[in-house]
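The next block holds one structure in the form of structure tokens; read it before the comments.
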Amino acid sequence: MIQIKEFFDKATFTLTYVVWDPATHDAVIIDPVLDYDPGGSKVSEESVTNVASFVDINKLNLHYILETHAHADHLSGSQYLKTKYPKAKLAIGARITEVQKVFKEFFDLSDNFATDGSQFDTLFADREKFSAGSLSFEVIYTPGHTPACASYKIEDAVFTGDALFMPDYGVGRCDFPAGSAEVLFESVTKRLYSLPDATRVFTCHDYLPSGRPLRFESTIGEEKRSNIHINAETSKDAFVKFRSERDKTLAAPKLLLPSVQINIDAGRLPKPHRNGKSYLTIPISRKS
């Protein structure tokens, strides 16, 4: 049976997971975090170093670094891991190309910025099955939060990214470019909720609602019974109305602009200028 170790980044409320086979030590990492201080625009590797240290101490053989989507609330630590474990493949759902096209225009990126997903080693198709040594995964597209969202199922566990949170927090927002509440409803009810009720759910975030302790694992059965946004009795019309109204009240994630432009480039920082420094593109808009 697989083993799962979580790492919680308090600054962004993000969960990173190491999944491994204790018999063979084959492993993957899901959704690694690169620390970013927006005040001084400084990056550091404390979070991802902790994950790598766990891999090294346990002598794990890392096959894949898996991204559930191009995150809008934290920078990916994937490139640090690629440098440390050059044989590991960086992978994401193939619909990342749609997100790249949208944000290439939004950030007015160079004509040389590729929108074919070639920044990643592997682009997964929906329902594709892949192996990481002795580990066997299935990719389940779960768009709605973004077009490129994918969940990863292995044995009795599914890693849902931002599509599905703990039952007391609901599901991810749908107001990012090309997001869709209608599509997310279908992803949750027709795809995730079709899994066996005993399937364990591991989320990409936990925001500690009402100050409760950290939770990152539920089950499909628990979600269907008590998810506050989409349970087994929730109608599509009711969810779309709720999600649309709620999203209008939400502020943009604090790290939205740096995160997206880094993450659509597979976690790479922008190429340094002549002075050796990398620069982010931050568009300015007028408050309405």
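Just the heavy atoms: all of them, side chains too, but no hydrogens, waters or symmetry mates, feed the values below. Residue indices begin at 1 and follow the sequence shown.
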To the nearest 0.5 Å, how far apart are [atom1] in [X] and [atom2] in [Y]?
X: Tyr193; Y: Ile220; atom1: OH; atom2: CD1; value: 7.0 Å
X: Leu34; Y: Leu81; atom1: CG; atom2: CG; value: 10.0 Å
X: Phe120; Y: Ile92; atom1: CZ; atom2: CD1; value: 4.0 Å
X: His69; Y: Asp162; atom1: NE2; atom2: CG; value: 3.5 Å
X: Phe8; Y: Leu208; atom1: CZ; atom2: CG; value: 4.5 Å
X: His145; Y: Leu164; atom1: NE2; atom2: CG; value: 12.5 Å

Evaluate the side-chain proximity of [Y] to [X]: yes if any heavy-atom separation is below 4.5 Å, no if none is.
X: Arg191; Y: Val158; result: no
X: Val18; Y: Ile4; result: no
X: Asn231; Y: Thr234; result: yes
X: Val201; Y: Thr219; result: no
X: Tyr152; Y: Thr68; result: yes
X: Tyr80; Y: Val51; result: no
X: Asp35; Y: Val43; result: no
X: Leu109; Y: Phe103; result: no

Side chains of [Y] and [X]: any donor to acceptor distance under 3.5 Å?
X: Asp73; Y: His205; result: yes
X: Ser47; Y: Asp9; result: yes
X: Ser44; Y: Glu46; result: no
X: Glu6; Y: Thr16; result: no
X: Asn58; Y: His25; result: no
X: Ser134; Y: Asp26; result: yes
X: Ser235; Y: Asp237; result: no
X: Ser151; Y: Thr160; result: no
X: Asp56; Y: Ser53; result: no
X: Tyr36; Y: Ser259; result: no

To check you understand the geometry: which heavy-atom pair defines the closest contact between [X] and [Y], and what is its length?
X: Pro167; Y: Ser218; answer: CD-CB, 3.9 Å
X: Leu184; Y: Gly172; answer: CD2-O, 3.4 Å
X: Lys82; Y: Ala88; answer: NZ-O, 3.0 Å
X: Pro32; Y: Ile65; answer: CG-CG2, 3.9 Å
X: Ile96; Y: Gly117; answer: CG2-CA, 4.3 Å

* Do you know which of Thr115, Asp116, Asp121 makes side chain to side chain donor-acceptor pair (under 3.5 Å) with Ser118? -> Asp116
* Do the side chain of Gln261 and the main chain of Thr281 share a donor and acceptor less than 3.5 angstrom apart? -> yes
* So, does Ser187 use its side chain to make a donor-acceptor pair with the main chain of Pro143 at under 3.5 Å? -> yes
If you group Ile, Leu, Val, Met, Phe, Trp and Tyr by side-chain heavy-atom gaps below 4.5 Å, do [X] and [Y] land in one group?
X: Ile2; Y: Leu195; answer: no
X: Phe216; Y: Leu192; answer: no
X: Leu60; Y: Val19; answer: no
X: Leu66; Y: Val139; answer: yes
X: Leu257; Y: Leu269; answer: yes

* To do: Before giving the answer on salt bridge (Lys or Arg N to Asp or Glu O under 4.0 Å), spell out for Arg215 and Glu222 the whole-Å C-alpha distance, their side-chain angles and the decisive distance to 0.1 Å.
  => CA-CA 13 Å; Arg215 282 196 65 198; Glu222 183 181 358; 3.3 Å; yes
Salt bridge flag under 4.0 Å for residues [X] and [Y]:
X: Arg212; Y: Asp168; value: yes
X: Glu186; Y: Lys236; value: yes
X: Arg200; Y: Glu223; value: no

* side chain to side chain contact (heavy atoms under 4.5 Å, CB included) with His229: which residues, sequence neighbours excluded? ->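 His229 satisfies side chain to side chain contact (heavy atoms under 4.5 Å, CB included) with Val171, Asn227, Phe239, Phe242, Arg243, Arg246 only.
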* To do: Sorted by first residue and then second, give each side chain to side chain donor-acceptor pair (under 3.5 Å) pair with at least one member in residues 94-105; sequence neighbours left out.
  =>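 Listed once each, the pairs are Arg95-Glu98, Gln100-Gln119.
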Taking atom [atom1] of [X] as the centre, report whether more than 12 heavy atoms of other residues, nucleotides or ligands fall under 6.0 Å from it.
X: Lys153; atom1: NZ; answer: yes
X: Gln3; atom1: CD; answer: yes
X: Asn275; atom1: CG; answer: yes

* Take Trp20 and Phe54 through the test side chain to side chain contact (heavy atoms under 4.5 Å, CB included) and record every step on the way to the result. => CA-CA 11 Å; Trp20 78 99; Phe54 181 85; 3.6 Å; yes
* **side chain to side chain contact (heavy atoms under 4.5 Å, CB included) between Tyr17 and Lys5, intermediate numbers included** => CA-CA 6 Å; Tyr17 297 98; Lys5 170 62 179 174; over 6 Å; no
* To do: For the pair Phe124 and Phe130, name the ring-plane relationship: parallel under 30°, tilted 30 to 60°, perpendicular over 60°.
  => parallel
* Chi angles and distances behind the salt bridge (Lys or Arg N to Asp or Glu O under 4.0 Å) call for Asp265, Lys271 -> CA-CA 11 Å; Asp265 200 17; Lys271 291 182 178 180; over 6 Å; no
* Yes or no on ring-ring contact (aromatic ring centres under 6.0 Å, His included) for Tyr169 and Tyr207, after CA distance, side-chain angles and deciding distance? -> CA-CA 8 Å; Tyr169 203 79; Tyr207 295 97; 5.0 Å; yes
* **Stepwise side chain to side chain contact (heavy atoms under 4.5 Å, CB included) check, Val260 with Phe107** => CA-CA 10 Å; Val260 171; Phe107 288 112; 4.0 Å; yes
* Asked: Looking at Ile30, Leu15, Val28, Ile140, which hits side chain to side chain contact (heavy atoms under 4.5 Å, CB included) with Phe159?
  ->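 Only one of Ile30, Leu15, Val28, Ile140 forms a side chain to side chain contact (heavy atoms under 4.5 Å, CB included) with Phe159, namely Ile30.
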* To do: Test side chain to side chain contact (heavy atoms under 4.5 Å, CB included) on His273 and Tyr279 and set out the steps.
  => CA-CA 8 Å; His273 287 212; Tyr279 291 85; 3.6 Å; yes
